[in-house]
Amino acid sequence: MSDPDEYIALVSSLPSSERLFVAKQPPLSRLRLDRRLAALSAEHSLMLAQIEALLSWSAYDMQADEAVAIRRAKAALRDIAQPTLRAIVQDRMELRTAVAALRLRARGDGPPPGAWGLGRWTRHIAANWSEPTFRLDRSMPWLREAARMIEHRDPLELQRHLLDVSFRRLQRHAARHQFDFEAVVIYVLKWNIFDRWAQANAEAAARRFSELSLEALRDFPDLMLEGQAP
Amino acid sequence: MTEFVLALGWLGIYAPMALGTIASAIGCSIAGQASIGAMLETEGGYGRFVGISAFPSTFVIYGIVIMFTLNREVTPENAGGLFGVGLLAGIALMYCGIWQGRACASAINASKEKPEIFGLSLAPAAIIEGFGVFAFVFALVISAGIS
C-alpha cells in the first residue's frame with residue numbers, strides 16, 4: 001500500500017482522464033506528461049517504466065514473441081509490491097491471453113501444448129477450446145463480442161473494443177486511488193489507451209478518406225492526377 | 001504515582017493544542033500541494049485554490065481554545081478528567097484536520113476542471129468541519145464538570 005498523499009501535486013497538475021476522451025485535441029502531450037512525471041521518486045519512475053514496457057505494445061519490437069511478453073510480465077509481478085498494480089498487470093495479461101487464444105482458434109489452430117499464456121485461465125481455455133467463449137462468459141463478458149469481431153476480421157473494431165474493456169477495468173481500480181502512486185500509474189495507462197485510441201481513429205479517418213477519394217474519382221475515369229502518366 | 005497522574009493531567013491540557021497544530025499542518029500541506037498542482041493546469045482562479053488550502057487551519061484555533069478552557073491547577077482529583085477530555089478532543093481534531101485536507105485536495109482537483117462545481121465540491125470539507133466543531137463544543141461543555 002502506497003502513501004495515500006504521496007503525489008497530490010502531481011495528480012492535481014494533470015488534466016482529468018475523462019477529458020482525454022472527449023477532447024478533440026490531446027489536452028496533454030507525452031512530452032508534458034513526462035515533465036510532470038519527473039516528480040516521481042527514482043524507484044517509482046523505474047516501476048512505471050517497467051509496467052509501461054510490459055503493457056504498451058509500442059514498447060515491443062516487431063519481432064518480439066509471446067515469450068518476451070511473459071518474461072516481462074513475470075519480472076514485473078515479481079517486482080511490483082502494490083496489490084492494485086499487480087491486479088492491473090494480471091488483468092491485462094489475462095485479457096491478452098484470452099484474445100491470443102481467440103486468434104489462434106480463428107486461424108484453425110488447436111489449444112497450445114504445454115505452458116502458454118499467463119494468468120488463471122490458461123488451462124481452463126485449453127480445456128474448453130471448442131466453446132465459443134471458452135466458458136469464460138462470467139469472468140470475461142466482453143469475450144463474445146471480441147470473438148465475433150475476430151471472426152468478421154475487423155481488427156480496428158476489435159482494438160477499440162479491447163481498449164474500451166481495458167479502460168473500464170482501469171476505472172474500476174482508479175476508484176480506490178486518488179493521490180498515490182497507483183493513481184499515477186493508472187493515469188499513465190489511461191493516457192496510453194487514449195493515445196492508441198487516437199491513433200486508431202486517425203488510421204480509420206485516413207482509410208475512410210482514401211475510400212471516399214477513390215469512390216469520387218470513379219466517376220471521372222479520364223481525370224489525370226498530378227504525376228500520373230497519361 | 002501521584003506525579004505520573006499529574007503529568008497525565010498536563011498532557012491532557014496541552015494535547016488539544018499540539019494535536020490541533022498537527023492537524024492543521026498536515027491538512028493545509030495536503031490541500032496546499034493540490035492547489036499548487038492545480039495552478040500548473042489552470043489559467044486563473046489561483047486565489048480560491050489557496051483559500052481552500054487554508055481551511056484546515058481552524059483546528060489549531062479550536063485546540064488553543066480547548067487548551068485555555070482546560071488550563072487550571074492540576075490535582076490528583078482532576079488530572080484524569082483533564083487527560084481524558086484533552087487527549088480525546090485532540091485526537092478528534094487531528095483526524096478531522098487531516099481528512100479535511102484530503103477533502104479539500106479532492107475539491108481542488110475536481111473544480112480545476114469544472115469551476116461550476118467549486119462550491120458544491122467543498123461540501124464534504126464543510127461537513128468534516130462540522131464534526132470538528134462538535135468535538136470542540138462538547139469538549140468545552142464537558143470540561144465545565146472538571147473541578
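Given the structure is predicted, the values throughout are model-derived calculations rather than measurements.
Annotation for A:R135: atom CZ does not count as buried by contact number, only 12 or fewer foreign heavy atoms lying within 6.0 Å. Counting non-hydrogen atoms of other residues, nucleotides and ligands closer than 6.0 Å to CZ of A:R30 gives a total above 12. Within a 6.0 Å sphere centred on CD of B:E116, heavy atoms belonging to other residues, nucleotides or ligands number more than 12.
A:A98 pairs by the side chain to side chain contact (heavy atoms under 4.5 Å, CB included) definition with A:I125, A:M140, A:W142, A:L143, not counting sequence neighbours.
Contacts of A:Y7 with chain B are absent, with no heavy-atom separation under 4.5 Å from either backbone or side chain. Residue contact with chain A, scored on non-hydrogen atoms closer than 4.5 Å, involves the backbone and the side chain of B:I30 alike. The parts of B:S106 that come within reach of chain A are both its backbone and its side chain, each placing non-hydrogen atoms under 4.5 angstrom from that chain.
Taken from CD1 in B:I36 to OG in A:S13, the straight-line distance is 11.0 Å, to the nearest 0.5 Å. Rounding to the nearest 0.5 Å places OG of A:S12 at 9.0 Å from CD of B:Q33. With rounding to the nearest 0.5 angstrom, the CZ atom of A:R32 is 9.0 Å from the CG atom of B:L40. Within the model, atoms OG of B:S29 and CG of A:D5 stand 8.5 Å from one another, a figure rounded to the nearest 0.5 Å.
Of all heavy-atom pairs between A:I8 and B:A105, the closest is CG2-CB, 4.3 Å.
B:R102 places a side-chain heavy atom less than 4.5 Å from the side chain of A:P4.
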Less than 3.5 Å apart, which donor and acceptor atoms pair up between the side chains of residues 127-144 of chain B and the rest of the protein, not counting sequence neighbours?
| from | atom 1 | to | atom 2 | distance (Å) |
| --- | --- | --- | --- | --- |
| B:E129 | OE1 | B:T58 | OG1 | 3.2 |
| B:E129 | OE1 | B:Q100 | NE2 | 2.7 |
| B:E129 | OE2 | B:T58 | OG1 | 2.9 |
| B:E129 | OE2 | B:Y62 | OH | 2.6 |
| B:S143 | OG | B:A139 | O | 3.2 |
| B:S143 | OG | B:L140 | O | 2.7 |

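When atom types are taken as modelled, the side chain of B:E41 and the backbone of A:L14 share no donor-acceptor pair closer than 3.5 angstrom.
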